[in-house]
Each structure stands twice: as structure tokens, then as C-alpha cells.
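Since we're looking at a predicted model, the values are computed, not measured.
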Amino acid sequence: MNPLTCFTLSTTDHIAHLVLNRPEAMNTMHPTFWRELDAVLTHLHKAGEARVLVISSTGKHFSAGMALETFSGAIAMDDQSPEGRAAIFDMLTEMQATFTKLETLRIPVIAAIQGGCIGGAVDMVTACCIRYATADAFFCIQEINIGMVADVGTLQRLPKLVPLAVVKELAYTGRRLSATKALGYGLVNEVFDSPEALLAGALLCAKEIASKPPVAIWGTKQAIHYTRDHSVDDALKQMGWLQGAIWSNQHVREAVTAMKEKRAGQFAGLSPLQSFKEIGL
């Protein structure tokens with residue numbers, strides 16, 4: 001990967017830690033942010049070294065969402081012709097695909113959210129597996145406040161996470177949802193008193209996940225996401241095929257033995273991936 005300017009990335013003990021590191025700009029999202037995030041997720045997906053990803057931030061806010069100057073400069077939203085409006089669709093499809101990579105990443109993703117999680121940041125964290133927050137955190141579907149519809153995943157994923165009436169209230173009004181209410185609705189898993197405690201909690205969860213057989217974690221994520229969007233009958237069939245594909249007597253024996261011996265289990269990591277287009281390069 002090229003050097004990162006919007007993030008820092010480190011991997012320790014199979015835990016990847018991606019940090020939004022432009023606090024002076026409230027970690028807003030502009031084309032460079034999108035390119036770098038896409039590149040990081042592609043790298044983590046292919047490498048197979050990390051077994052879990054933690055995303056945290058710096059400064060007062062997790063992220064203030066899309067940088068508004070982007071639309072007046074780098075991105076031209078042409079609403080003057082059918083062709084221009086069709087191009088808006090294609091551009092949004094590309095942007096949506098980056099956040100979808102969080103959802104389809106081969107490893108679980110934990111978001112550690114402090115301060116404001118605004119606009120595009122809500123799109124981002126709703127694509128993650130687990131969300132932790134500080135007590136002063138809040139969520140805001142900001143798009144309605146600037147005259148537009150949230151368009152990169154919030155309105156599609158948030159109804160899967162909290163009651164529909166809550167989504168409608170937030171999306172129609174642009175009100176802030178506090179961390180306390182988000183916890184009550186199930187949007188966040190736990191609320192912490194400080195950013196330091198938040199990150200410690202996120203990393204503790206990541207450590208537990210990283211200690212499990214990576215292929216079993218992969219299979220679990222596959223099953224959960226499939227179940228969310230399919231009937232029980234379809235999901236049960238998918239589960240049978242999935243389990244038949246990845247079952248390992250060796251992993252089960254090692255997990256049980258490690259528990260009895262009160263030690264960490266030893267498991268193979270996910271295999272690195274190579275794009276068909278890169279074979280022979």
C-alpha cells in the first residue's frame with residue numbers, strides 16, 4: 001500500500017488497528033479518505049494476517065462525515081441532465097462498495113466511537129460487526145439537515161440494527177442519538193467513560209476473537225450476515241453447506257484441549273488471497 005495520510009494502521013498479535021488520524025479536520029471523509037480506506041480493507045482482506053480489525057479515532061469526534069467542500073470541488077454532482085444523474089448513481093455505487101467491504105471483510109470489525117459519529121460516519125459504523133462508544137458519543141443522520149437523503153448505507157443497515165420507528169425519527173429529523181439511547185436500542189454493545197477505556201474494551205474483545213480458530217470466525221460471520229437477509233429455512237440450508245465446507249476435527253480437539261490445559265489455542269490463519277488478475281505477476 002501507499003503511505004496513509006488519513007489513517008494509521010498497525011497489526012499486533014493478529015489484531016489490526018486502523019485509526020482515523022485527522023482530528024484537526026474532525027476526521028471528515030473526502031476522496032483521499034475513501035481511497036485509503038478502500039486500499040486498507042482490500043489489503044487486510046487479502047493478506048490473512050489479521051484476525052480482527054479495530055477502528056478507532058482521534059480528537060473530539062470519531063468523524064464528522066463527508067467533507068462538504070468535496071461536493072463543491074472534487075466531485076461534480078450534475079443534476080442538469082439524465083446522463084449526469086445516471087453518473088451520480090454510478091459514483092454512489094462505488095462509494096457504497098467501500099463501506100460494504102467492512103461488512104464482507106473476512107474478519108470481524110469493531111468500531112470504537114468517541115464524540116460525534118455524523119453523516120457518513122454512521123454509514124461506516126453500521127457496516128461494522130460490533131460498536132462500542134464513549135458516554136459522550138452521539139450519532140446523527142446529518143444528511144437530512146443539509147437537504148439530502150443518506151445514501152451510503154445508513155438507511156439500509158440501520159433498520160437491521162434498531163427499531164424501524166427509531167430509524168425514521170432520526171432520518172426525518174436529523175436529531176442526535178445519545179450513546180445511552182443507542183445502548184438501549186442495541187446500536188452499541190457497551191458504553192465507556194473515556195476514550196482510553198473505550199479503546200481498551202475494544203482491544204480486549206478483539207483479543208478474545210483473535211484467540212478463536214480464524215476459519216470458524218469466518219464461517220460465523222458468513223452465517224450471521226446471510227441469516228439477516230434470508231428466511232430461517234434458507235439460512236439453515238446455508239449453514240449446513242457452510243459447516244460441511246469448513247468443519248475441522250483438529251480445530252475442535254485443539255480448542256477443547258486448550259480450554260482443559262488453560263492455554264491459548266494454536267490455530268492456522270486464513271489463507272492469503274490472490275486476485276486472478278494478479279496471478280503470474
Side-chain angles (χ1 to χ4, degrees), residues 7 15-20 23 26-29 37 41 52-65 99-105 107-144 150 152-210 217 220-221 224-225 227-228:
F7 305 88
I15 298 171
H17 186 193
L18 183 66
V19 184
L20 285 64
M26 294 192 291
N27 296 302
T28 49
M29 302 172 175
L37 178 61
L41 296 177
V52 60
L53 169 62
V54 174
I55 300 177
S56 67
S57 191
T58 52
K60 183 178 180 181
H61 296 301
F62 178 79
S63 172
F99 285 164
T100 296
K101 284 187 177 183
L102 289 164
E103 197 167 62
T104 58
L105 197 64
I107 58 177
V109 182
I110 301 171
I113 304 155
Q114 91 279 359
C117 183
I118 301 165
V122 179
D123 295 300
M124 181 177 178
V125 302
T126 53
C128 298
C129 298
I130 297 168
R131 286 158 295 277
Y132 293 133
T134 53
D136 66 346
F138 64 89
F139 302 82
C140 178
I141 303 178
Q142 179 71 0
E143 288 85 349
I144 198 65
V152 199
T154 290
L155 301 184
Q156 292 68 42
R157 294 188 173 98
L158 195 57
K160 307 284 188 179
L161 301 171
V162 304
L164 186 61
V166 174
V167 178
K168 290 181 177 181
E169 179 184 8
L170 297 173
Y172 297 162
T173 66
R175 291 176 181 173
R176 293 182 176 186
L177 177 69
S178 69
T180 301
K181 285 190 174 181
L183 178 64
Y185 291 136
L187 179 59
V188 299
N189 296 64
E190 190 171 349
V191 173
F192 296 84
D193 291 333
S194 67
E196 293 77 17
L198 167 71
L199 184 57
L203 290 173
L204 178 61
C205 180
K207 183 178 180 180
E208 291 184 53
I209 293 171
I217 293 291
T220 300
K221 184 174 180 179
I224 290 172
H225 286 181
T227 296
R228 181 192 63 186

query: Do side-chain atoms of Lys60 reach the backbone of Gly115 as a donor and acceptor pair under 3.5 angstrom?
result: no

Atom of Arg157, atom of Thr100 and distance for their closest heavy-atom approach: NH2-OG1, 3.0 Å

message: I'd like to know if the side chain of His225 reaches the main chain of Thr104, judged simply by a donor and an acceptor atom lying under 3.5 Å from each other, with no hydrogens or angles considered.
response: no

- prompt: Rounded to the nearest 0.5 Å, how far does CD1 of Ile15 lie from CD of Glu208?
  reply: 10.0 Å

- request: Determine, stepwise, if the pair Leu203 / Lys207 fulfils side chain to side chain contact (heavy atoms under 4.5 Å, CB included).
  value: CA-CA 6 Å; Leu203 290 173; Lys207 183 178 180 180; over 6 Å; no

message: I want to check something: taking the side chain as every heavy atom from C-beta on, are Tyr172 and Ile141 in contact at a cut-off of under 4.5 Å?
response: no

- prompt: Under the side chain to side chain contact (heavy atoms under 4.5 Å, CB included) criterion, do Val167 and Leu161 qualify, and how do the steps go?
  reply: CA-CA 9 Å; Val167 178; Leu161 301 171; over 6 Å; no

query: With a 4.5 Å limit on heavy-atom distance, are the side chains of Pro108 and Ile217 in contact?
result: yes

message: For a quick test of reading the model, state the closest non-hydrogen atom pair linking Cys140 to Arg176 and the distance between them.
response: CB-CG, 4.4 Å

message: For the CG atom of Leu199 and the OG atom of Ser57, what is their distance to the nearest 0.5 Å?
response: 11.0 Å

statement: Note: His61 and Asn27 closest approach over all heavy atoms is O-ND2, 3.3 Å

message: For Lys160, is there any backbone N or O sitting under 3.5 Å from a side-chain donor or acceptor partner on Arg228?
response: no

query: To the nearest 0.5 Å, how far apart are CD1 in Ile144 and OG1 in Thr173?
result: 9.0 Å

message: With rounding to the nearest 0.5 angstrom, report the CG to OH distance, Leu177 to Tyr185.
response: 6.5 Å

- request: Identify the heavy atoms of Ser56 and His17 that sit nearest to each other, and give their distance.
  value: OG-NE2, 2.7 Å

message: If I take atom NZ from residue Lys181 and atom CG from residue Leu183, how far apart are they, to the nearest 0.5 angstrom?
response: 13.0 Å

query: Can you tell me if Glu143 uses its side chain to pair, donor with acceptor, with the backbone of Gly174 under 3.5 Å?
result: no

- prompt: Under the side chain to side chain contact (heavy atoms under 4.5 Å, CB included) criterion, do Leu37 and Leu18 qualify, and how do the steps go?
  reply: CA-CA 9 Å; Leu37 178 61; Leu18 183 66; 3.8 Å; yes

message: Can you tell me how far apart CE (Met26) and CZ (Phe62) are? Round to the nearest 0.5 Å.
response: 14.5 Å

message: If I compare all heavy atoms of Ile110 with all of Ala206, which pair ends up nearest, and what's the gap?
response: CD1-N, 3.8 Å

- request: Measure across Leu41 and Leu105 and return the closest heavy-atom pair with its distance rounded to 0.1 Å.
  value: O-CD1, 3.5 Å

message: Working note: Leu170 + Phe139, criterion side chain to side chain contact (heavy atoms under 4.5 Å, CB included); need CA distance, chi angles, decisive distance, verdict.
response: CA-CA 9 Å; Leu170 297 173; Phe139 302 82; over 6 Å; no

- prompt: Counting N and O atoms only, with roles assigned by atom type, does the side chain of Thr154 sit under 3.5 Å from a partner on the main chain of Gly120, one being a donor and the other an acceptor?
  reply: no

query: Got Phe7 and Leu20 here, is their nearest side-chain heavy-atom distance under 4.5 Å?
result: yes

Close side-chain approach of Met124 and Ser63, heavy atoms under 4.5 Å: no

